[in-house]
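Below is one structure; the comments refer to it alone.
These numbers come from a predicted model, not from an experiment.
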Amino acid sequence: MRVIGALTGLCVLLIGMFVAWNWTMREPEGGVPSVEPRGWEYRWGDSPLDSDGLPVWLHAAGSGWQPIAFPANPPDRDGRDKVWFRLRLPDNQWHDPVLFIPSIDLIAQVYLGGRLIYQYGDFDAGDRIAFAGWPWHMIALPRDFAGKTLCLRVFSDYTSIGLWGQVRLIDRGEAYSQIIRRSAWDVAVSALALALAVFAAIFAVSGVERRSFGAIALFGGASGLMLLAEAPARQLIADNPLGWDLLRAFSYYMLPVATGLILAHWLKGSARRWMRRLWALHLGYVVLVVGLVQGGVINLSLTFPIFDGLLVATLPAMLALALWQWRALDGSQRTVVLCFAVFAPLLLADMLVAHGFLPWQPIPLSFGSLAFSLSCVAISLHRYHRVHRELARSHDTLEHQVALRTAELAQLVEELEGLSYRDALTGLYNRRHFDAAYAQACRRAVSRGECLTLAILDLDHFKRINDRFGHDAGDSVLVTLAGLLKAHQNTGESVCRLGGEEFALFSHTSPAALAARLERLLGRLCATPITRGEVCLGRVTFSAGIASYPMHSASPDGLLRLADEALYCAKRGGRSTVAIYSASVEPCLQQAPAGPGTRHAPRSVGGDAATPDERRQ
């Protein structure tokens, strides 16, 4: 009954882990979605240089280019170590566009429109090109990249050549958000595995079954470090790709050593002797690799294929030896073997994906690692009941520490995600949040038949303040206006800084009521002395344009243009005023009737109106 209960609890734990893992891998809603670029072409070899020292293939349209579904491992490699890929980029729909590449085998240069925009690794080393690690790459693209040709020059003496993973065109902020989100689970499991390793090491040192707890500590430490070194957030912790890959290689190579030690402890007779030989073989490989890599004899990348080939042979052999003595094992020992039977296929699948034998997909390797570690700990606790009380106390402490660290990680993830929607200077929401919130408000206004009023505010003569008093003084003015806007914000309204000295506010109130409130806010701003140190910055004002759905537009999507036109004419009409959009026969802007300084300002749609640069002065 105890074994059945343990298996049931383990299944419930795995189901909960699977639900949590799916949540971390789910694409967040809102914002501009990422795009997987299509239409790749490749060309084997390396390009000659023109008279300016640039590769000729950047502008060559010859027959040497061949189509390929994904820029990796083109056919007919025949030992070649250089290849070119190119792609015509689609239209730009992002505020801060980047090309996100999970990994490159092994180093690359990126050209856009004939200009080198990114390089990873040293191409000038001739025959001594060195492996530089497998980081993810976030390649910044200019705003006008649409329609331009992106070329990648790639070198690799590894089994694979080219890009790896899901290559995406994405906004930089969204890329960071996904990196943090997709790393949260692995980092949490890594923390738990490392805590289990410390826990087992303490009992190994105390003398309670040193071999068993020592092997568990080795497995927990190796799996925890491997998960941490593979988590995308590792580059946010420390930007040292080669160092992370050294850590990943060592921990990865030690997994079969630790697994063999654990299984050998439970096996008997010839099965135990063969298990010892297998883990000793892997330990010898680790020692050999460390010596050759540290001595500069081979690149670290070349050691992975050899190890993976060895693992394909030894891992099934370990599982077969464990199943061979299935009848001789008790219930708790069978639980360990079952967990290893879950972990081994996941480890092999992860290796096959890494080498391109399986299509790219996220492998939940952390499930098998955590389940195997937990089962080993559980069986040791069950067999050595004499230290049950001490183990229970340590387990409670461990759970508390893991909960605290998980909560701290969740808080960090929440704070980092919030930073991508906040303006660092004023604390208001930024343009990215405005786009998403405004689109949602438009849908709500149409579906519920509600009024939606949009106001665009722009500080008057802001450039003069910056030129005369400096940008720090301009920042003080922006912070002051942001504080007034937040103080006068009603429930259900959203205030954002669109950029520069321009702000936006949308509400479900009438345009006249919103104009009256902004007139009062304008009066307070005029009456508020703004100083920078002991220097008075003078009288600061703003102009605002207001448009409302359905009063001024048949669709809420057009409010942004109408409010901007109203602001345009408010600037032309003398500034320091709040203008409501009007579509009368003779175009003009009707001022809100509330408050002093209210006036009617003429508006010209196609005539001698002020330019956008003048409007922002």
Side-chain angles (χ1 to χ4, degrees), residues 423 426-429 431 434 437-438 441 445 450-462 465 477-530 539-549 551-553 556 558-583 588-603 610 615-617:
D423 174 51
T426 63
L428 297 178
Y429 288 114
R431 179 59 185 262
F434 170 80
Y438 178 64
E450 297 178 347
C451 168
L452 180 61
T453 303
L454 174 65
I456 305 283
L457 293 81
D458 192 280
L459 283 165
D460 297 326
H461 304 295
F462 186 71
I465 297 175
V477 174
L478 292 173
V479 171
T480 300
L481 177 57
L484 289 175
L485 288 172
K486 285 191 286 188
H488 286 71
Q489 178 182 0
N490 289 341
T491 304
E493 293 181 345
S494 183
V495 180
C496 307
R497 181 188 178 194
L498 298 182
E501 67 273 21
E502 197 169 48
F503 298 81
L505 184 151
F506 56 86
S507 172
H508 295 288
T509 188
S510 66
L514 182 58
R517 185 147 51 92
L518 290 180
E519 284 284 355
R520 292 193 295 272
L521 188 146
L522 177 60
R524 289 196 59 180
L525 181 63
C526 294
T528 302
I530 301 178
R539 182 172 176 265
V540 177
T541 62
F542 65 81
S543 300
I546 298 176
S548 182
Y549 164 83
M551 180 180 297
H552 302 131
S553 174
L559 290 183
L560 190 61
R561 179 181 61 81
L562 299 183
D564 202 56
E565 287 186 8
L567 174 61
Y568 180 81
C569 293
K571 289 284 188 177
R572 179 172 170 78
R575 296 182 173 86
S576 186
T577 187
V578 179
I580 302 177
Y581 176 81
S582 173
C588 64
L589 291 174
Q590 299 176 350
Q591 302 299 317
T598 304
R599 59 183 180 273
H600 296 277
R603 168 172 89 87
R615 197 189 79 187
R616 285 164 172 76
Q617 291 181 355

To the nearest 0.5 Å, tell me how far [X] [atom1] sits from [Y] [atom2].
{"X": "Ile530", "Y": "Ile465", "atom1": "CD1", "atom2": "CD1", "answer": "7.0 Å"}
{"X": "Leu567", "Y": "Asp458", "atom1": "CG", "atom2": "CG", "answer": "5.5 Å"}
{"X": "Leu521", "Y": "Cys526", "atom1": "CG", "atom2": "SG", "answer": "9.5 Å"}
{"X": "Thr426", "Y": "Leu481", "atom1": "OG1", "atom2": "CG", "answer": "9.0 Å"}
{"X": "Glu502", "Y": "Asp564", "atom1": "CD", "atom2": "CG", "answer": "6.0 Å"}
{"X": "Arg539", "Y": "Leu525", "atom1": "CZ", "atom2": "CG", "answer": "9.0 Å"}

Check whether any side-chain heavy atom of [X] lies under 4.5 Å from a side-chain heavy atom of [Y], and answer yes or no.
{"X": "Arg575", "Y": "His461", "value": "yes"}
{"X": "Leu454", "Y": "His552", "value": "no"}
{"X": "Tyr568", "Y": "Ile456", "value": "no"}
{"X": "Glu519", "Y": "Thr577", "value": "yes"}

Ala527 backbone acceptor or donor facing Arg524 side chain under 3.5 Å: no
Any donor-acceptor pair under 3.5 Å from Arg431 side chain to Gly499 backbone: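 Checking the backbone N and O of Gly499 against the side chain of Arg431, no donor-acceptor pair under 3.5 Å is found.
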Could you list the donor-acceptor pairs under 3.5 angstrom formed by side chains in residues 540-547, with sequence neighbours left out?
unit_1 : atom_1 : unit_2 : atom_2 : d
Thr541 : OG1    : Asp460 : OD2    : 2.8
Ser543 : OG     : Asp460 : OD1    : 2.8
Ser543 : OG     : Asp460 : OD2    : 3.4
Ser543 : OG     : Ser576 : N      : 3.1

Result block: side-chain N/O donor-acceptor pairs under 3.5 angstrom for residues 503-516, not counting sequence neighbours:
unit_1 : atom_1 : unit_2 : atom_2 : d
Ser507 : OG     : Glu493 : OE2    : 2.8
Ser507 : OG     : Thr509 : N      : 3.2
His508 : ND1    : Cys451 : O      : 3.0
Ser510 : OG     : Ala513 : N      : 3.2

Least distance between heavy atoms, [X] atom then [Y] atom:
{"X": "Pro556", "Y": "Tyr438", "value": "O-OH, 2.7 Å"}
{"X": "Leu428", "Y": "Lys486", "value": "CD2-CG, 3.3 Å"}
{"X": "Glu565", "Y": "Tyr581", "value": "OE1-CE1, 3.6 Å"}

